[in-house]
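One structure below.
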Amino acid sequence: MTKLSVNINKVATLRNARGGNVPDVVKVALDCEKFGADGITVHPRPDERHIRKKDVYDLRPLLRTEFNIEGYPAPEFIDLVLKVKPHQVTLVPDSPTQLTSNAGWDTKTNLAFLSEVLERFNKAGIRTSVFVSTDVEMIEYAAKAGADRVELYTEPYASGYAKNKEEAVAPFVEAGKFARNLGLGLNAGHDLSLENLNYFYQNIPWLDEVSIGHALISDALYLGLQRTIEEYKKCLR
Ligand SMILES: CC(=O)[C@@H](O)[C@H](O)COP(=O)(O)O
Ligand SMILES: NCC(=O)COP(=O)(O)O
């Protein structure tokens with residue numbers, strides 16, 4: 001079964017716009033779980049533009065599904081993750097001011113750094129995932145660094161889908177097979193949507209997890225949160 005982890009960053013973006021607690025990020029996360037989400041993803045950025053450290057602490061004891069924390073492994077992030085002990089940490093190579101994630105790691109160049117950080121999380125019993133492109137060398141070095149899983153950066157698939165979906169998915173199928181042969185678990189995310197998710201899943205049904213935020217929360221404006229989550233789950237069958 002491919003799990004759906006709902007990324008609630010955008011719920012926090014809306015909440016932060018007014019300075020109060022509407023919408024309530026914790027309540028939305030718990031409702032996502034109630035409506036069928038298999039996990040919750042957050043990406044606390046250093047400027048706390050959406051998810052704040054306090055959200056991460058508030059969510060941890062209340063979530064009943066898998067908690068995935070994404071981010072660049074700066075000392076503050078590492079400290080937060082080790083204190084909160086989520087089910088999974090996903091390392092992303094984002095600079096502090098970046099608008100959104102726009103690339104996977106160069107795992108070869110960063111092998112020593114990633115190995116050291118992954119060892120700390122592995123020792124703490126936290127499953128680790130490394131955000132990568134479909135370049136098989138990057139996947140190979142993620143395995144060498146000690147990752148349990150890789151998360152494929154799916155923006156190139158999403159942007160190529162409308163033009164030629166067979167061509168868009170092909171490198172992801174190859175990367176997925178390569179990761180599977182190395183014994184790595186496989187996650188995927190970024191710009192997945194109701195339009196492109198089912199085709200991705202049909203081609204890579206051994207995916208462990210997709211994390212989806214931007215499109216899913218936008219769809220919820222029209223469909224409501226419950227129906228939206230049900231529709232995304234249908235895409236994973
Ligand atoms: C790691 C990744 O793919 C991102 O999609 C990210 O978690 C989204 O971050 P923002 O919500 O800050 O754009
Ligand atoms: N890891 C990807 C993620 O959590 C959500 O990305 P997006 O759906 O907001 O693009």
Side-chain angles (χ1 to χ4, degrees), residues 2-17 25 28-29 32 37-53 55-56 59 63 65-74 77 80-81 86-105 107 127-134 138 142 147 149-161 172 175 185-198 200-201 207-221 225 228-229 231-233 235-236:
T2 302
K3 290 186 169 176
L4 171 67
S5 185
V6 175
N7 182 319
I8 56 170
N9 293 350
K10 292 291 149 52
V11 179
T13 303
L14 188 56
R15 187 248 347 246
N16 294 355
V25 168
V28 172
C32 287
D38 306 296
I40 298 295
T41 290
V42 295
H43 189 143
R45 293 184 180 273
D47 59 7
E48 300 201 315
R49 75 180 84 143
H50 43 58
I51 292 294
R52 299 172 180 147
K53 282 197 278 304
D55 295 322
V56 180
L59 285 161
L63 295 180
T65 60
E66 286 211 351
F67 193 21
N68 174 40
I69 305 181
E70 302 183 331
Y72 180 82
F77 177 85
L80 175 70
V81 173
H87 300 87
Q88 177 174 273
V89 60
T90 302
L91 305 186
V92 182
D94 289 1
S95 68
T97 55
Q98 210 162 303
L99 179 64
T100 187
S101 311
N102 64 2
W105 282 95
T107 50
R127 190 174 68 230
T128 54
S129 182
V130 171
F131 199 59
V132 288
S133 70
T134 53
M138 296 303 120
R149 294 188 182 181
V150 286
E151 176 175 336
L152 298 176
Y153 169 55
T154 47
E155 191 281 335
Y157 164 71
S159 56
Y161 178 87
F172 289 85
L186 189 65
N187 296 344
H190 205 92
D191 281 346
L192 292 174
S193 69
L194 280 180
E195 193 196 352
N196 61 39
L197 179 61
N198 182 252
F200 194 79
Y201 167 73
L207 267 175
D208 290 299
E209 175 194 285
V210 289
S211 50
I212 309 183
H214 188 80
L216 188 154
I217 300 301
S218 303
D219 288 330
L221 293 175
L225 191 56
T228 299
I229 291 175
E231 295 294 326
Y232 275 84
K233 290 281 291 182
C235 294
L236 296 171

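Ligands are counted one by one from 1 in listed order, and the atoms in each one are counted from 1 as well. We number each residue from 1, following the sequence as shown.
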**OP:** Report yes if N7 has an N/O atom closer than 3.5 Å to an N/O atom of ligand 2; otherwise report no.
**Re:** yes
Original post:
Can you list the atoms of ligand 1 that are under 4.0 Å from a heavy atom of E70?
Top reply: 1 (C), 2 (C), 4 (C), 6 (C), 7 (O)
Original post:
Can you tell me which residue and heavy atom of the protein come closest to atom 6 (O) of ligand 2, and the distance to 0.1 Å?
Top reply: H190 CA, 3.7 Å
Original post:
Are T65 and D38 side-chain neighbours, meaning at least one heavy-atom pair lies under 4.5 Å?
Top reply: no
Subject >> Side chains of D94 and H43 in contact at under 4.5 Å (non-hydrogen atoms) >> reply: yes
Subject >> NE2 (H87) with more than 12 external heavy atoms under 6.0 Å >> reply: yes
**OP:** Starting from atom 5 (O) of ligand 1, find the nearest protein heavy-atom neighbour and note its residue, name and distance.
**Re:** H190 ND1, 2.8 Å
**OP:** May I ask you to list the atoms of ligand 1 that are less than 4.0 angstrom from any heavy atom of H50?
**Re:** 10 (P), 11 (O), 12 (O)
Subject >> Atoms of ligand 2 close to T41 [distance to a heavy atom under 4.0 angstrom, numbered from 1] >> reply: 4 (O)
Original post:
Which atoms of ligand 1 are found less than 4.0 Å from any heavy atom of V92?
Top reply: 1 (C)
Original post:
Can you list the ligand 1 atoms lying under 4.0 Å from a non-hydrogen atom of S101?
Top reply: 1 (C), 2 (C), 3 (O), 4 (C), 6 (C)
Subject >> Atoms of ligand 2, numbered as shown, that sit under 4.0 Å from any heavy atom of H214 >> reply: 7 (P), 8 (O), 9 (O)
Subject >> Distance filter under 4.0 Å to N9 heavy atoms, resulting ligand 1 atoms >> reply: 7 (O), 8 (C), 9 (O), 10 (P), 11 (O), 12 (O)
**OP:** Give yes if a backbone or side-chain nitrogen or oxygen of K10 is under 3.5 Å from a nitrogen or oxygen of ligand 2, and no if not.
**Re:** no
Subject >> Contact check: T100 vs ligand 1, nitrogen or oxygen atoms, below 3.5 angstrom >> reply: yes
Original post:
At under 4.0 Å between heavy atoms, which part of F131 makes contact with ligand 1: side chain, backbone, both or neither?
Top reply: side chain
Subject >> Close-contact set for ligand 2 against E151 heavy atoms, below 4.0 Å >> reply: 1 (N), 2 (C)
**OP:** State, with a plain yes or no, whether a side-chain heavy atom of N7 is found less than 4.5 Å away from one of H190.
**Re:** no
Original post:
Taking the non-hydrogen atoms of L192, is any one of them nearer than 4.0 angstrom to ligand 2?
Top reply: no
Original post:
Where's the contact between H43 and ligand 2, heavy-atom distance under 4.0 Å: side chain, backbone, both or neither?
Top reply: neither
Original post:
Any side-chain heavy atom of E209 sitting closer than 4.5 Å to one from S129?
Top reply: no
Subject >> Neighbour count >12 (heavy atoms, 6.0 Å) for atom NZ, K233 >> reply: yes
Original post:
Side chain, backbone, both or neither: which part of N7 has a heavy atom under 4.0 Å from ligand 1?
Top reply: side chain
Subject >> Selection from A188, S211, S5, G189 by shortest heavy-atom distance to atom 3 (C) of ligand 2 >> reply: S211
**OP:** Check the side chains of R52 and N16 for a donor-acceptor pair under 3.5 angstrom, ignoring hydrogens and angles.
**Re:** yes
Original post:
Taking atom types as modelled and ignoring hydrogens, do the side chains of H50 and K10 form a donor-acceptor contact shorter than 3.5 angstrom?
Top reply: no
Subject >> D55 and R15 ion-paired at < 4.0 Å >> reply: yes
Original post:
Salt bridge check: are R45 and D47 linked by an N-O gap of less than 4.0 Å?
Top reply: no
**OP:** Using a 4.0 Å heavy-atom threshold (strictly under), name the region of H214 that reaches ligand 1: side chain, backbone, both or neither.
**Re:** neither
**OP:** Report yes if some heavy atom in the side chain of T134 is under 4.5 Å from a heavy atom in the side chain of Y157; otherwise report no.
**Re:** no
**OP:** Would you please determine whether K10 falls within less than 4.0 Å of ligand 1 on a heavy-atom basis?
**Re:** yes
Original post:
Which protein non-hydrogen atom lies closest to atom 9 (O) of ligand 1, naming both residue and atom, and how far is it?
Top reply: R45 NH2, 3.1 Å
**OP:** Check whether any side-chain heavy atom of N187 lies under 4.5 Å from a side-chain heavy atom of F131, and answer yes or no.
**Re:** no
Original post:
So which heavy atom in the protein is nearest atom 10 (O) of ligand 2, and how far is it from that ligand atom?
Top reply: D191 N, 2.8 Å
Subject >> Nitrogen or oxygen of R49 less than 3.5 angstrom from that of ligand 1 >> reply: no
**OP:** Grab the two heavy atoms, one from I69 and one from F77, that are nearest each other, plus how far apart they are.
**Re:** CG2-CE1, 3.7 Å
Original post:
Does the side chain of V42 reach to within under 4.5 Å of the side chain of I8, using non-hydrogen atoms?
Top reply: yes
Original post:
So is there a nitrogen or oxygen of I212 less than 3.5 Å from a nitrogen or oxygen in ligand 2?
Top reply: no
Subject >> Close-contact set for ligand 2 against G213 heavy atoms, below 4.0 Å >> reply: 5 (C), 7 (P), 8 (O), 9 (O)
Subject >> Validation row: D219, Y232 side chains within 4.5 angstrom (heavy atoms) >> reply: yes
